[in-house]
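Nothing here was measured: the structure is a model prediction, and the numbers come from that model. Counting starts at 1 for both ligands and their atoms, following the listed order. No hydrogens, no waters, no symmetry mates; every other heavy atom, side chains included, goes into these values.
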Amino acid sequence: MATTIINKNGVVSLDSISSETDLKLRPGFNINPPPQDGRCECCGRHISEVKPFGKAGDPLAGDFDGALLIKKWRPDGPYDENAEKAWDKAEKHLADVGLKDQDPLEWLIKNYGKEKGEYFYWSYQLYCQTSKSWECRDCAVLYEDEYILKKYGNVKNQIK
Ligand SMILES: [Zn+2]
């Protein structure tokens, strides 16, 4: 049976699902609903193929006994130290010249070239943004870097 975070005034937000029935949208407004295809949003396996979570400590501290997918929050991209440094430099420069509210994209492109500048721009922002991720017990325990690697492959080394 699904567990809920919110179920009030026509607003529903689930925390975990335990069956195909739990995948169905509830009446009202569904916040970050479970994946309608019933697949883990990291490894892509269907709920019919995953092992359920056990009681508290199996494998997570919270008690998700019987859950097939749980809702987690993950960064939308991998951490990249170079992107963060470039972004910080851009912000410092823009602040120094009195343009602290200006979007840093133009500065990044001017200083790192179009491809690398755009990569730094989007990479840093994606890492700073988090989104829901419905995950099976094998994926829910992954550290951020492991999660990104499993879901997207090695994206960090595609642009250097
Ligand atoms: Zn998974």
Side-chain angles (χ1 to χ4, degrees), residues 1-88 103-105 108 112 114-160:
M1 182 177 182
T3 56
T4 60
I5 299 171
I6 302 168
N7 190 3
K8 197 173 181 181
N9 298 329
V11 177
V12 178
S13 182
L14 302 179
D15 195 28
S16 69
I17 61 148
S18 305
S19 69
E20 291 266 353
T21 307
D22 294 340
L23 296 172
K24 292 182 181 143
L25 297 176
R26 306 297 201 273
F29 186 73
N30 292 257
I31 299 174
N32 300 312
Q36 296 303 291
D37 63 1
R39 295 189 175 278
C40 170
E41 292 181 324
C42 179
C43 69
R45 287 185 298 161
H46 188 263
I47 58 172
S48 62
E49 304 170 89
V50 303
K51 182 180 172 186
F53 285 78
K55 294 186 182 303
D58 181 22
L60 299 174
D63 191 358
F64 299 102
D65 192 21
L68 297 171
L69 299 177
I70 65 167
K71 182 163 46 183
K72 295 197 57 140
W73 299 95
R74 298 285 197 175
D76 288 335
Y79 175 72
D80 186 316
E81 185 179 353
N82 292 329
E84 184 177 36
K85 283 179 180 171
W87 186 279
D88 289 347
D103 188 296
L105 179 60
L108 289 166
Y112 298 100
K114 183 172 172 42
E115 186 177 20
K116 203 168 194 172
E118 287 180 346
Y119 168 77
F120 285 158
Y121 181 78
W122 292 111
S123 174
Y124 180 73
Q125 292 185 86
L126 287 172
Y127 176 73
C128 292
Q129 173 178 301
T130 57
S131 296
K132 60 94 178 131
S133 178
W134 286 90
E135 297 175 21
C136 70
R137 67 176 283 144
D138 292 340
C139 297
V141 296
L142 298 174
Y143 289 106
E144 285 174 10
D145 284 353
E146 297 170 323
Y147 161 81
I148 295 287
L149 193 61
K150 190 170 189 177
K151 184 170 181 174
Y152 300 109
N154 194 351
V155 293
K156 263 188 183 175
N157 297 323
Q158 290 179 1
I159 296 179
K160 286 293 168 195

(request) Compute whether any side-chain donor of one residue and acceptor of the other, for S13 and K71, lie under 3.5 angstrom apart. (result)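 S13 vs K71: donor-acceptor pair found between side chains.
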(message) Pair D65, K55 - check salt bridge (charged side-chain N to carboxylate O under 4.0 Å, His left out), show working.
(response) CA-CA 4 Å; D65 192 21; K55 294 186 182 303; 3.1 Å; yes
(request) Can you tell me which residue pairs pass the side-chain hydrogen bond (donor to acceptor under 3.5 Å, both in side chains) test with a partner in residues 34-46, sequence neighbours excluded? (result)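 Only E20-H46, E41-K132, R45-D138, H46-S48 qualify under side-chain hydrogen bond (donor to acceptor under 3.5 Å, both in side chains).
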(message) With 2.8 Å as the threshold, which protein atoms of type N, O or S lie near the Zn ion (ligand 1)? Leave waters out.
(response)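 As for protein N, O or S atoms lying under 2.8 Å from the Zn ion (ligand 1), they are C40 SG, C43 SG, C136 SG, C139 SG.
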(message) For the backbone of A140 and the side chain of K72, can you confirm whether one donor and one acceptor N or O come within less than 3.5 Å of each other?
(response)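 Checked: pair present.
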(request) Kindly give the heavy-atom pair with the smallest separation between I148 and P75, and that separation in Å. (result)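 Residues I148 and P75, closest heavy atoms: CD1-O, 4.1 Å.
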(request) Using a strict 4.0 Å threshold on nitrogen-to-oxygen distance, state whether E146 and K150 make a salt bridge. (result)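 Salt bridge between E146 and K150, a charged N being under 4.0 Å from a carboxylate O: no.
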